[in-house]
*Asks:* 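Below is the structure I would like to discuss, written out as structure tokens.
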Amino acid sequence: MDRYEGLARAFVRLADTLVADFDVVELAQQLVENAMALLPVDAAGIVLADVHGRFQVLASNSEQTRLLELFQIQQNSGPCLLAHRTGEQVVVEDLRIDIARWPEFAARAIEYGFLSVHALPLRLRNDRVGALNLLRFDSGKMPDADIAIGQALADVATIGIVHQRIASRSDVLNQQLQTALNTRTVIEQAKGVLAERGGVDMDAAFTVLRGYARRNNRKLADVARAVVGGADTTAILEPD
């Protein structure tokens with residue numbers, strides 16, 4: 001499959017979320033995976049803002065990336081937060097040179113091996129709900145065409161998050177976003193349970209959790225709640 005076919009399929013998958021009762025967490029994870037597959041990046045994560053302007057990690061490609069996004073939130077400083085607040089793309093071509101901008105974040109990112117960052121806002125007209133963070137081991141700016149693809153993916157995903165506001169009051173959107181953030185917390189708890197019971201790391205725990213949900217046509221959040229609630233996890237941890 002060439003890149004253009006992959007891009008077309010990515011947009012189709014994202015468009016499939018524009019239905020009632022869609023899974024915002026799954027949408028965000030799909031966006032991260034699309035970015036990883038279609039763009040020259042080594043890590044990706046999504047930060048979402050709740051109704052009070054507080055940030056939370058909604059999706060990431062790995063536990064390491066999630067921790068880096070959490071570090072931004074704890075420091076209340078970083079490219080993702082700036083992209084959300086301004087609605088503009090934030091590009092840091094070399095964190096080693098631009099370290100003074102966000103010294104704590106830059107030091108942590110460099111420690112993990114990342115040298116450049118592209119933070120793209122999740123925006124729809126005047127609405128901003130978060131940001132997509134793209135990290136690379138290499139320094140330098142991505143080609144403009146790649147940045148445009150990343151922003152297009154982010155924009156389509158944003159439509160999936162905010163589209164119900166057209167037919168509903170704004171408090172419905174706020175409730176959806178808050179529910180998505182609460183759901184992510186449950187998923188992190190379920191990952192911890194599976195990691196302990198299966199003797200695997202957090203990334204592998206998420207993979208088996210999501211795989212089980214997909215194979216059984218269940219929502220990721222529902223499976224996570226069952227795990228946290230004490231359900232038998234033998235079937236979830238069984239290899240495919």
Side-chain angles (χ1 to χ4, degrees), residues 13-14 16-17 19-36 43-74 80-81 84 122 129-133 157-158 160-164 168 171-238 240:
R13 284 193 296 267
L14 289 172
D16 282 344
T17 65
V19 295
D21 196 32
F22 72 92
D23 189 335
V24 176
V25 174
E26 177 63 26
L27 167 69
Q29 195 65 37
Q30 188 68 63
L31 173 56
V32 164
E33 293 181 0
N34 289 336
M36 293 288 294
I46 292 178
V47 169
L48 199 69
D50 67 12
V51 296
H52 304 293
R54 296 187 295 260
F55 294 95
Q56 186 167 324
V57 181
L58 188 61
S60 63
N61 73 295
S62 69
E63 184 67 11
Q64 185 183 60
T65 308
R66 187 180 77 88
L67 292 175
L68 185 59
E69 303 294 8
L70 281 174
F71 188 74
Q72 281 193 84
I73 296 169
Q74 291 167 354
C80 252
L81 276 59
H84 167 78
L122 295 176
V129 298
L132 168 65
N133 207 24
T158 306
I161 296 173
V162 305
H163 80 283
Q164 287 193 355
S168 307
D171 59 346
V172 173
L173 169 64
N174 292 337
Q175 182 180 0
Q176 285 181 330
L177 295 181
Q178 190 62 55
T179 298
L181 294 174
N182 294 340
T183 296
R184 190 69 216 190
T185 298
V186 175
I187 290 172
E188 292 303 320
Q189 293 171 345
K191 284 165 56 179
V193 172
L194 293 173
E196 180 179 2
R197 293 183 182 176
V200 298
D201 61 28
M202 295 290 277
D203 291 339
F206 180 70
T207 298
V208 297
L209 179 69
R210 190 178 181 213
Y212 179 84
R214 284 184 163 184
R215 290 193 305 274
N216 292 274
N217 196 28
R218 295 178 60 185
K219 282 190 174 183
L220 181 61
D222 292 341
V223 177
R225 290 189 188 96
V227 170
V228 173
D232 184 5
T233 57
T234 303
I236 299 176
L237 290 167
E238 286 180 349
D240 295 340

*Asks:* To the nearest 0.5 Å, what is the distance between CG (Leu194) and CZ (Phe206)?
*Replies:* 11.5 Å
*Asks:* Considering non-hydrogen atoms only, spot the tightest contact between Ala195 and Ala205 and give its length.
*Replies:* N-CB, 3.9 Å
*Asks:* Can you name the side chain to side chain donor-acceptor pair (under 3.5 Å) partners of Gln72, sequence neighbours left out?
*Replies:* Glu69
*Asks:* Would you please name every residue forming a salt bridge (charged side-chain N to carboxylate O under 4.0 Å, His left out) with Arg214, sequence neighbours left out?
*Replies:* Glu26
*Asks:* Write down the atom of Thr183, the atom of Ala221, and the distance for their closest heavy-atom approach.
*Replies:* CG2-CB, 3.2 Å
*Asks:* Once side-chain hydrogen bond (donor to acceptor under 3.5 Å, both in side chains) is applied, what residue pairs with a partner in residues 194-209 remain, sequence neighbours excluded?
*Replies:* Arg197-Thr233
*Asks:* With sequence neighbours left out, what residues match Phe55 under ring pair (Phe, Tyr, Trp, His ring centres under 6.0 Å)?
*Replies:* His84
*Asks:* Heavy-atom distance under 4.5 Å between the side chains of Thr158 and Val129, does that happen here?
*Replies:* yes
*Asks:* Whether the Ser60 and Gln29 side chains hold a donor-acceptor pair (N or O, under 3.5 Å, no angle test) is what I'd like checked.
*Replies:* no
*Asks:* Identify the two heavy atoms, one from Ala213 and one from Val223, that lie closest to each other, and give their separation to 0.1 Å.
*Replies:* CB-CG2, 3.9 Å
*Asks:* Just verifying a value: how many Å separate Ser62 OG and Leu67 CG, rounded to the nearest 0.5 Å?
*Replies:* 8.0 Å
*Asks:* How long is the span from the CD1 atom in Ile236 to the CG atom in Leu209, to the nearest 0.5 Å?
*Replies:* 6.0 Å
*Asks:* Among Thr65, Leu58, Asn61, Asn133, exactly one meets side-chain contact (heavy atoms from CB on, under 4.5 Å) together with Val32. Which residue is that?
*Replies:* Asn61
*Asks:* Return the set of residues passing side chain to side chain contact (heavy atoms under 4.5 Å, CB included) with Glu188 (not counting sequence neighbours), or none when no residue passes.
*Replies:* Glu63, Arg66, Arg184, Lys191, Met202
*Asks:* Identify the two heavy atoms, one from Cys80 and one from Ala131, that lie closest to each other, and give their separation to 0.1 Å.
*Replies:* O-CB, 3.4 Å
*Asks:* Just verifying a value: how many Å separate Leu132 CG and Asn34 CG, rounded to the nearest 0.5 Å?
*Replies:* 10.5 Å
*Asks:* Run the side chain to side chain donor-acceptor pair (under 3.5 Å) test against Asn217 and tell me which residues pass, sequence neighbours left out.
*Replies:* none
